[in-house]
Amino acid sequence: MASDYSSTLDDLNPKVLKCAYAIRGEIVTHAQILQQDLTENPGSHPFNEILYCNIGNPHSLGQKPITFFREVLALCDHPLLLDRSETKALFSADSIERAIQILDQIPCRATGAYSHSQGIKGLRDKIASGIEARDGFPADPNDIFLTDGASPAVHMMMQLLIGSENDGILCPIPQYPLYSASITLHGGTHISYYLDEETGWALEISELENQLKTARSRGVNVKALVVINPGNPTGRVLAEANQREIVEFCRKEGLVLLADEVYQENVYAPDKQFYSFKKISRSMGFGEKDISLVSFHSASKGYYGECGKRGGYMEFTGFSPEIREQIYKLASVNLCSNISGQILASLIMSPPKVGDESYESFSAEKDAILSSLARRAKILEDAFNSLEGVTCYKAEGALYSFPRINLPDKAIKAAEEAKTAPDAFYAWRLLNATGIVVVSGSGFGQVHNITARREDTSYCISFYTIP
């Protein structure tokens, strides 16, 4: 029988068909169908709303934007407001001043025009200054590429590093599935290294060494190591000593260090502190010719949570001028990132300072959000650990919890009869019963039966939620 369509799946890129991205996968599609059903048929399900806990999307859950950031964005996008007398009564003096400074750096003061492919130079200057203030080491605005959030920057690096399936990237498990998806899309080999759940998701250098050795023995050309700090979805904040070991490992093995640092503002454990890998490597005495390092940051997380603005950047250090030309070429293919996102990326790295009119209100908003996140992380941790068959390690940072659930035999059997993985089966049942959308642990690469001391019939599943 002839197809009703001129094209079939056989016509598509097999890398796309192979690619998976669990946090926006089938369960989310099903949740959207349920949401539509609730709208059209109120009372048709045992819940009244869908609660999307499948992704870090703070504003969708009621978090308010930072006033200063939005004031500056509004004035930049509608500069005629700067000429109106009532503007001084509606906007803070420092937001007006900052908007004027930014507009003066944009050709024709037009946020609707393309910019330099690497991003507006004046905004990169601000970000470089913010990095210097954070790390205590120099930063070059020419090393900074402004992007539509961190995800496009990750894709750019995968395009740059992966030439064939023989090229491998070391990635943590569990991991944010952007990495496995982008490696698959670009035709590379995903090499898993496993974080140790029994020690609170620690990153062991011995595990990195073993996985690297195994991959190389199979003929894989391992190009880079991905580290997510604070961890997504584990919430682990790396200790400084551990970061030093990681830097030394990459330097010794000649690996590019891809540092996902988008949650650097989200640290809740009082005994932990965020240190960028740039700061760690420079404090160890390593410079441009010692280690290749790419650091990713985003306006989507932190205390700002501006996911929809799609602002972010990567700092690209330790590469030759010839390689820099190639990454600039990739940036040029996309013309430029969106201007509002560029502005926001500069603002998160240069917020109001002491003495500015907005400083006190800005600090109050920031502290309230971070305190709320820390409080809710603790509530969620305690709630999970109070449940039978559930364990959850402390979320030291980021926006997620990653509990382990031991399913009873009947649930495992039911999953087998439904020809569904146990963790996915649980996630579907949870959604249909409560309206809560979570992601099964296997979507992050997490394995079942991860500890030898558990019975063979016991499955461990994981999902993450926004605390």
Side-chain angles (χ1 to χ4, degrees), residues 118-119 124 127-128 131-132 134-135 137-147 150-164 166-172 175 178-179 182-183 186 188-191 193 203 205 208-209 211-213 215-216 220-229 238 240 242-262 264 275-298 312-331:
Q118 201 168 334
R124 288 187 280 121
I127 292 171
I131 293 172
E132 287 187 13
R134 181 195 67 193
D135 295 343
F137 292 94
D140 186 345
N142 293 319
D143 290 339
I144 295 167
F145 289 76
L146 294 173
T147 55
S151 297
V154 170
H155 279 289
M156 288 170 65
M157 289 309 305
M158 296 308 170
Q159 283 181 291
L160 187 74
L161 294 171
I162 295 173
S164 73
N166 190 53
D167 293 327
I169 308 293
L170 275 163
C171 294
Q175 52 100 24
L178 163 67
Y179 292 96
S182 61
I183 292 169
H186 297 296
T189 296
H190 180 278
I191 304 163
Y193 68 88
L203 192 166
I205 297 298
L208 292 179
E209 292 171 340
Q211 297 299 341
L212 177 64
K213 181 179 179 181
R216 285 175 171 170
V220 178
N221 181 18
V222 184
K223 296 286 192 72
L225 168 69
V226 173
V227 180
I228 307 173
N229 182 45
L238 295 177
E240 182 180 2
N242 195 195
Q243 289 185 264
R244 289 175 174 270
E245 291 177 323
I246 294 166
V247 168
E248 178 57 35
F249 172 79
C250 287
R251 189 195 67 81
K252 181 180 69 174
E253 299 294 346
L255 301 178
V256 176
L257 176 52
L258 302 176
D260 183 330
E261 299 176 338
V262 304
Q264 59 188 258
Y275 297 102
S276 75
F277 274 100
K278 166 88 173 293
K279 178 181 179 70
I280 294 295
S281 64
R282 296 298 182 263
S283 67
M284 294 173 69
F286 298 142
E288 290 279 333
K289 296 184 178 180
D290 298 305
I291 183 170
S292 296
L293 169 64
V294 185
S295 305
F296 306 107
H297 196 18
S298 171
Y313 70 84
M314 65 176 175
E315 187 182 16
F316 187 84
T317 61
F319 295 86
S320 68
E322 293 78 14
I323 294 177
R324 183 184 299 277
E325 288 178 8
Q326 299 306 309
I327 196 68
Y328 179 76
K329 179 169 66 179
L330 287 178

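Sequence positions, counted from 1, serve as the residue numbers for this chain.
In this view, Gln243 satisfies the side-chain hydrogen bond (donor to acceptor under 3.5 Å, both in side chains) rule with no residue, not counting sequence neighbours. Under the salt bridge (charged side-chain N to carboxylate O under 4.0 Å, His left out) criterion, Asp135 pairs with no residue at all, not counting sequence neighbours. Glu325 is linked by a side-chain hydrogen bond (donor to acceptor under 3.5 Å, both in side chains) to nothing, counting only residues two or more places apart in sequence or in another chain. Partners of Phe137 under the ring-ring contact (aromatic ring centres under 6.0 Å, His included) rule, at least two apart in sequence or in another chain, do not exist in this structure. Scored by the salt bridge (charged side-chain N to carboxylate O under 4.0 Å, His left out) test, Arg324 finds Asp143 as partners (sequence neighbours excluded). Not a single side-chain hydrogen bond (donor to acceptor under 3.5 Å, both in side chains) links Gln159 to another residue, sequence neighbours left out. Every residue meeting the side-chain contact (heavy atoms from CB on, under 4.5 Å) condition with Ala259, not counting sequence neighbours, appears here in chain and number order: Glu261, Phe277, Leu293, Ser295. Considering only residues two or more places apart in sequence or on other chains, Ala224 meets the side-chain contact (heavy atoms from CB on, under 4.5 Å) condition with Leu161, Ile169, Val256, Leu258. Among residues two or more places apart in sequence or in another chain, the side-chain contact (heavy atoms from CB on, under 4.5 Å) test is passed with Ala139 by Ala128, Ile131, Glu132, Lys278, Glu315. His190 pairs by the ring-ring contact (aromatic ring centres under 6.0 Å, His included) definition with nothing, not counting sequence neighbours.
Residues Ile228 and Pro172 approach most closely at CD1-CG, 4.2 Å, considering heavy atoms. Nearest heavy atoms, Asn229 versus Leu238: OD1-N, 2.9 Å. Considering all non-hydrogen atoms of both residues, Ser292 and Gly318 come closest at OG-O, 2.7 Å. The shortest heavy-atom contact between Ala153 and Met314 is CB-SD, 3.8 Å.
One N or O on the side chain of Ser320 and one on the backbone of Ile323 form a donor-acceptor pair closer than 3.5 Å. Checking side-chain atoms of Arg124 against main-chain N and O of Gly119 turns up a donor-acceptor pair under 3.5 Å.
With rounding to the nearest 0.5 angstrom, the CG atom of Leu257 is 8.0 Å from the OG atom of Ser281. One distance of note links OG1 of Thr147 with CD of Gln118; it measures 11.5 Å at 0.5 Å rounding. A distance of 9.5 Å separates CG in Leu170 from CD in Glu253, rounded to the nearest 0.5 Å. Within the model, atoms CG of Asp260 and CG of Leu178 stand 8.0 Å from one another, a figure rounded to the nearest 0.5 Å. Put simply, CG on Leu212 and NZ on Lys252 are 9.0 Å apart, with the number rounded to the nearest 0.5 Å. Residue Asn221 holds its CG atom at 10.0 Å from OG1 of Thr189, rounded to the nearest 0.5 Å.
Side-chain contact check for Cys171 versus Ile191: every heavy-atom pair is 4.5 Å or farther apart. Counting heavy atoms from C-beta on, the side chains of Val227 and Tyr193 come closer than 4.5 Å. Using a 4.5 Å heavy-atom cutoff, the side chains of Lys223 and Ile162 are not in contact. The shortest side-chain heavy-atom distance between Thr317 and Ile291 does not fall under the 4.5 Å cut-off.
For residues 285-297, the pairs satisfying salt bridge (charged side-chain N to carboxylate O under 4.0 Å, His left out) are Arg282-Glu288, with sequence neighbours left out.
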Derivation and outcome, side chain to side chain contact (heavy atoms under 4.5 Å, CB included), residues Phe316 and Asn142: CA-CA 9 Å; Phe316 187 84; Asn142 293 319; over 6 Å; no
Arg134/Ser276 under side chain to side chain contact (heavy atoms under 4.5 Å, CB included): CA gap, chis, key distance, verdict: CA-CA 9 Å; Arg134 181 195 67 193; Ser276 75; 3.4 Å; yes
Which atom pairs, one a donor and one an acceptor, fall under 3.5 Å between side chains of residues 244-251 and the rest of the protein, sequence neighbours left out?
residue, atom, partner, partner atom, Å
Arg244, NH2, Ser283, OG, 3.4
Glu245, OE1, Asn242, ND2, 3.1
Glu248, OE1, Arg251, NE, 3.3
Glu248, OE2, Arg251, NH2, 2.7

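Using a 30° and 60° split on the angle between ring planes, Tyr328 and Phe145 fall in the tilted class, from 30° to 60°.
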